[in-house]
Amino acid sequence: MTYNSTLLRLLDERGYIHQLTDAEGLDALAANQVVPGYIGFDATAPSLHVGSLVQIMLLRRLQQAGHKPIVLMGGGTTKVGDPSGKDESRKLLTSETIDANIASIRKVFERLLTFGDGPTDAVMINNDDWLAKLGYVDLLREVGPHFTINRMLTFDSVKLRLDREQPLTFLEFNYMILQAYDFRELALQHGCRLQMGGSDQWGNIVNGIELTRRMNGIEVFGATTPLLTTADGAKMGKTAAGAVWLNEDALPAYDFWQYWRNCDDRDVGKFLRLFTDLPLEEIARLETLEGSDINAAKIVLANEVTRLCRGDEAASTAEATAAATFAGGGLGADLPVLAVAAGGIGIIDALVGIGFAASKGEAKRLIAGGGARIDGAAVTNEALHITVENETRISSGKKKHGILRPA
């Protein structure tokens, strides 16, 4: 389909569109007025990880196209837990923890969106503002008649859990109702006309559209992005070492930069379109590079994404650290550091302490597999004791390095 609106053309060109509930209707609306659109984010941790970055960038594209992003923080729904894609119930958090998480998460949004009071300025809203005030009987009477158990049981978030005979609590079963109610509330109170999300949210989005139309006669729209995986089929945002967090205090800038620098060659073009503001013509040039030349495109990707999420200085420092560590054989300033007392440290404790292994067992497996190195030399003895008189490089594989420094 050829789109008339700047918004849908931009989303289409950069690969964000998977499903649209009414492409022609949304295209016509976006071509003629400012469209407030939202994406919801639950606050289960102090930081989101890169698996959420495509959705944050989607809000950025919305604003770039002249529309209004609404960041809906799930202060209320986090208390319930979204069963989508989950194999087990989520740990319940206190209100104080959720509020602290929201305050921490906001830092990344402030880098990527322009907040304010203007017609296209972003706003952050907490759904606890209305969900916490809902009376149970009132919700049953007002909203309950618009949902059938028959249909709710067909949604993947419910069906997959039941098919695997894994518990699905009544609390979680209500999540889709609350998310649908969010869309209706945003439409009424903030003029929101569009909900966006990942492809796993399609059912929840459609629920919200139908509820808003049935209860209030307001026409609203939905859009989802493709399920985002790396070329080898892995889920975005997860590595062997753990989640790739967006917040600086959750993951050092160097490690964040390295995640993008080490991406699969086949992902470079896709990631440049989704996660950077580079012109499409430049991206087309970069993704044609082959062999060792593709590394130049990966460095551009790492710099651009790190610059957006962490700032110019973080990107520059991370690139310089990589150059010093790999090209020059030195120790870059941005590598993780572990201070070691005068008596020295065992290799296993060093690998765990620097963050290259989550446990002593994992450290032993790293050594057994030949992945642990001290100053470039492979470690073969798991009982090795290291006396640190000068800065010493400790490595996990060929791409992960840190510094052991005298305390």
Side-chain angles (χ1 to χ4, degrees), residues 38-60 63 69-86 88-117 121-134 169 171-172 174-175 178-179 181-183 185-186 189-190 192 195-198 201 204 235-239 241-256 259 305-306 308-311 313-314 336 355 358:
Y38 92 96
I39 299 177
F41 301 86
D42 280 346
T44 56
S47 172
L48 301 173
H49 60 66
V50 300
S52 297
L53 187 55
V54 68
Q55 306 306 326
I56 302 174
M57 290 299 294
L58 190 53
L59 289 172
R60 182 177 175 87
Q63 190 166 52
I70 297 174
V71 182
L72 182 67
M73 294 308 305
T77 43
T78 300
K79 297 175 183 177
V80 175
D82 183 0
S84 299
K86 306 293 190 300
E88 57 186 22
S89 299
R90 194 157 58 188
K91 180 182 176 182
L92 297 181
L93 304 178
T94 65
S95 295
E96 292 75 18
T97 298
I98 293 170
D99 289 343
N101 288 348
I102 291 173
S104 179
I105 288 169
R106 184 183 174 96
K107 299 170 187 175
V108 170
F109 285 98
E110 288 177 337
R111 286 193 179 276
L112 291 160
L113 301 174
T114 300
F115 286 82
D117 299 323
D121 285 340
V123 293
M124 180 174 280
I125 298 171
N126 188 338
N127 66 10
D128 197 50
D129 292 346
W130 55 81
L131 293 182
K133 299 174 184 176
L134 282 174
T169 67
L171 181 69
E172 294 171 292
N174 278 271
Y175 188 94
L178 298 182
Q179 184 169 329
Y181 192 87
D182 283 346
F183 200 174
E185 186 71 18
L186 289 171
Q189 302 299 327
H190 300 277
C192 184
Q195 183 183 357
M196 301 175 290
Q201 294 299 315
N204 289 331
K235 191 173 182 180
M236 277 289 294
K238 299 289 186 180
T239 69
V244 182
W245 299 106
L246 296 179
N247 281 40
E248 175 74 34
D249 53 3
L251 183 75
Y254 175 74
D255 292 334
F256 184 79
Y259 173 78
V305 181
T306 305
L308 283 174
C309 295
R310 301 293 185 82
E313 184 177 350

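For reference, positions follow the sequence shown, starting with 1.
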Quiz item: Run the side-chain contact (heavy atoms from CB on, under 4.5 Å) check on L134 and Y181 step by step: do they pass?
Solution: CA-CA 11 Å; L134 282 174; Y181 192 87; 3.4 Å; yes
Exercise. For the pair H49 (side chain) and G51 (backbone), establish whether a donor and an acceptor sit closer than 3.5 Å, ignoring hydrogens and angles.
Key: yes
Exercise. Name all residues meeting the side chain to side chain contact (heavy atoms under 4.5 Å, CB included) criterion together with A250; count only those two or more places apart in sequence or in a different chain, and write none if there are none.
Key: S47, W245, N247
Quiz prompt | Note, K107 side chain near D249 side chain (heavy atom, < 4.5 Å) | solution = yes
Quiz item: Looking only at side chains, do Q201 and Q195 share a donor and an acceptor under 3.5 Å apart?
Solution: no
Practice problem: For L246 and R310, work out which heavy atoms get closest and say how close. | Solution: O-NE, 2.8 Å
Self-check item: Non-hydrogen side-chain atoms of L251 and Y259 separated by less than 4.5 Å
Solution: no
Quiz item: Can you find a heavy atom in the side chain of N101 that is under 4.5 Å from one in the side chain of L93?
Solution: yes
Exercise. Would you sort out whether I125 and L186 count as a side-chain contact (heavy atoms from CB on, under 4.5 Å), showing the intermediate values?
Key: CA-CA 9 Å; I125 298 171; L186 289 171; 4.0 Å; yes
Quiz prompt | Beyond-backbone contact of F109 with L59, side-chain heavy atoms, under 4.5 angstrom | solution = yes
Quiz prompt | T114 backbone acceptor or donor facing Q63 side chain under 3.5 Å | solution = yes
Practice problem: Can you sort out the partners of E110 under side chain to side chain contact (heavy atoms under 4.5 Å, CB included), two or more places apart, ordered by chain and number? | Solution: R106, F115
Practice problem: Heavy atoms only: give me the nearest V50-F256 pair and the separation to one decimal. | Solution: CG1-CE1, 3.7 Å
Practice problem: Run the numbers on L308 and R60 for side-chain contact (heavy atoms from CB on, under 4.5 Å), then give the verdict. | Solution: CA-CA 11 Å; L308 283 174; R60 182 177 175 87; 3.4 Å; yes
Quiz item: Would you call I98 and D128 a side-chain contact if the rule is heavy atoms closer than 4.5 Å?
Solution: no
Quiz item: Picking from D42, T77, T78, what satisfies side chain to side chain donor-acceptor pair (under 3.5 Å) with N127?
Solution: T77
Practice problem: Could you check if a side-chain atom of D255 sits within less than 4.5 angstrom of a side-chain atom of V244, using non-hydrogen atoms only? | Solution: no
